[in-house]
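When reading the values below, keep in mind they use all heavy atoms of this one structure, side chains included, and skip hydrogens, waters and symmetry mates.
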Amino acid sequence: MSRLVKLSPLLVLALLLSGCGFHLRQSVALPASMQHIHLTVNNGGDLQRNLARALRNSGITVEDASGPGVAELAVPQSSFSTDSLSISGGARVTEYSVHYQVKFSVSDAAGRVLLPLQDIQMSREYSYDATNTIGNDAQVQEIQRSLVDDMVQSILFRLQAAAKRADAAAAGTP
């Protein structure tokens, strides 16, 4: 009896999570023409590293060079910028916005353009504390990391949607 009492909160939690529609993120499903992909990211950095990791986790082989039978994911632009949002009575900036813009295109292994140049823009806002400049820098870096993670997911979702559209076109369905 006491064992049932101890397990009941776990059972209730499991039922609630299954009933609310919560699902873990699944890996992206890409067609055979995109199972080998060459990734070119201008300025490299975290976006290239995280995107390559996400593709590998989805079972995609990330190739070091382009060639026959290799799809191409090109990211010619990836940049951060900041804007001031509000200024206090003492003419000091109190809120900033961090913007992240990425442009990319995708061609399949046969060289057909699956996604023409796409432009994704994301932003996050934060409060600036003039008395804690070290904390502000750390906050901006964390916001940028978060934006890169969200951008990777957005690119993967667009890749998956383009793959489904290409599969539907090949099957002859609208």
Side-chain angles (χ1 to χ4, degrees), residues 17-18 20-85 95-128 134-171:
L17 284 177
S18 66
C20 75
F22 173 79
H23 298 287
L24 293 174
R25 274 191 193 156
Q26 297 178 353
S27 58
V28 65
L30 297 180
S33 65
M34 293 184 69
Q35 291 303 306
H36 295 273
I37 195 162
H38 176 247
L39 180 61
T40 306
V41 178
N42 187 25
N43 299 330
D46 289 339
L47 179 64
Q48 182 170 358
R49 200 171 19 262
N50 292 359
L51 193 52
R53 182 182 316 123
L55 288 167
R56 282 189 203 101
N57 289 343
S58 297
I60 308 299
T61 303
V62 178
E63 301 289 345
D64 292 333
S66 60
V70 178
E72 182 72 30
L73 172 56
V75 183
Q77 181 181 351
S78 168
S79 61
F80 286 101
S81 63
T82 57
D83 289 330
S84 56
L85 292 178
E95 287 183 319
Y96 280 101
S97 178
V98 178
H99 301 278
Y100 190 36
Q101 180 180 20
V102 170
K103 293 184 180 184
F104 74 97
S105 63
V106 179
S107 300
D108 68 5
R112 293 183 304 261
V113 175
L114 290 179
L115 283 173
L117 194 62
Q118 303 282 301
D119 185 7
I120 304 176
Q121 297 181 23
M122 296 180 173
S123 64
R124 300 281 189 284
E125 300 167 0
Y126 72 97
S127 297
Y128 178 77
I134 294 173
N136 289 327
D137 289 341
Q139 185 176 6
V140 169
Q141 289 174 355
E142 185 58 37
I143 288 171
Q144 288 178 345
R145 256 191 306 275
S146 171
L147 285 169
V148 168
D149 290 342
D150 290 349
M151 187 63 71
V152 166
Q153 289 302 313
S154 181
I155 290 171
L156 291 178
F157 289 147
R158 289 186 186 209
L159 284 175
Q160 188 168 9
K164 286 181 182 177
R165 189 172 57 242
D167 287 346

(Q) Any donor-acceptor pair under 3.5 Å linking the side-chain atoms of Q77 with those of N42? (A) no
Q) Are the side chains of I155 and M151 in touch, meaning some heavy atoms are under 4.5 Å apart? A) yes
Q: Would you give the length of the straight line joining atom CD of Q101 to atom CD of Q121, rounded to the nearest 0.5 angstrom?
A: 4.5 Å
Q: Take I143 and F80 through the test side-chain contact (heavy atoms from CB on, under 4.5 Å) and record every step on the way to the result.
A: CA-CA 11 Å; I143 288 171; F80 286 101; over 6 Å; no
Q. Partners of Y100 by side chain to side chain donor-acceptor pair (under 3.5 Å), sequence neighbours excluded?
A. S78
(Q) Looking at every non-hydrogen atom in both residues, tell me the closest pair between A54 and V152 and how far apart they are. (A) CB-CG1, 3.8 Å
Q. Could you state the interatomic distance from OG (S66) to CG (L73), rounded to the nearest 0.5 Å?
A. 12.5 Å
Q: For residues L117 and P76, report the shortest heavy-atom separation together with the two atoms involved.
A: CD1-CG, 4.1 Å
Q. Do I60 and Q35 pass the side-chain contact (heavy atoms from CB on, under 4.5 Å) test, and can you show the C-alpha distance, the side-chain angles, and the key distance before you say yes or no?
A. CA-CA 5 Å; I60 308 299; Q35 291 303 306; 3.6 Å; yes
Q: Identify the two heavy atoms, one from L114 and one from A162, that lie closest to each other, and give their separation to 0.1 Å.
A: O-CB, 4.2 Å
Q) For P116 and S105, which heavy atoms make the closest approach, and how far apart are they? A) C-CB, 4.0 Å
Q | Gap separating the CD1 atom of I37 from the CD atom of E63, nearest 0.5 angstrom | A | 10.0 Å
Q: Please test V113 against S107 for side-chain contact (heavy atoms from CB on, under 4.5 Å), starting from the C-alpha separation and ending with a verdict.
A: CA-CA 4 Å; V113 175; S107 300; 4.1 Å; yes
Q: Determine whether D149 and Q153 make a side-chain contact, defined as any pair of heavy atoms from C-beta on separated by less than 4.5 Å.
A: no
Q: Count the heavy atoms of every other residue, nucleotide or ligand shown that sit under 6.0 Å from CG of D119, and state whether that count exceeds 12.
A: yes
Q) What heavy-atom pair brings S127 and Q139 nearest, and what distance separates the two atoms? A) O-OE1, 3.6 Å
Q | From Q144 atom CD to Q141 atom CD, the distance as rounded to the nearest 0.5 Å | A | 7.0 Å
(Q) Does L156 form a side-chain contact (heavy atoms from CB on, under 4.5 Å) with Q160? I'd like the steps, not just the answer. (A) CA-CA 6 Å; L156 291 178; Q160 188 168 9; over 6 Å; no
Q: To the nearest 0.5 Å, tell me how far T82 OG1 sits from R124 CZ.
A: 15.5 Å
**Q.** Beyond-backbone contact of N43 with S79, side-chain heavy atoms, under 4.5 angstrom
**A.** no
Q: Go through the structure and list residues passing salt bridge (charged side-chain N to carboxylate O under 4.0 Å, His left out) with R158, not counting sequence neighbours.
A: none
Q | Minimum heavy-atom distance between A52 and V62, given as atom pair plus value | A | O-CG2, 3.9 Å
**Q.** Value rounded to 0.5 Å, distance of CG in D64 from NE2 in H38
**A.** 7.5 Å
Q) Counting N and O atoms only, with roles assigned by atom type, does the side chain of S146 sit under 3.5 Å from a partner on the main chain of E142, one being a donor and the other an acceptor? A) no
Q: Sort and list the pairs that fulfil salt bridge (charged side-chain N to carboxylate O under 4.0 Å, His left out) and have at least one residue in residues 33-51, not counting sequence neighbours.
A: D46-R49
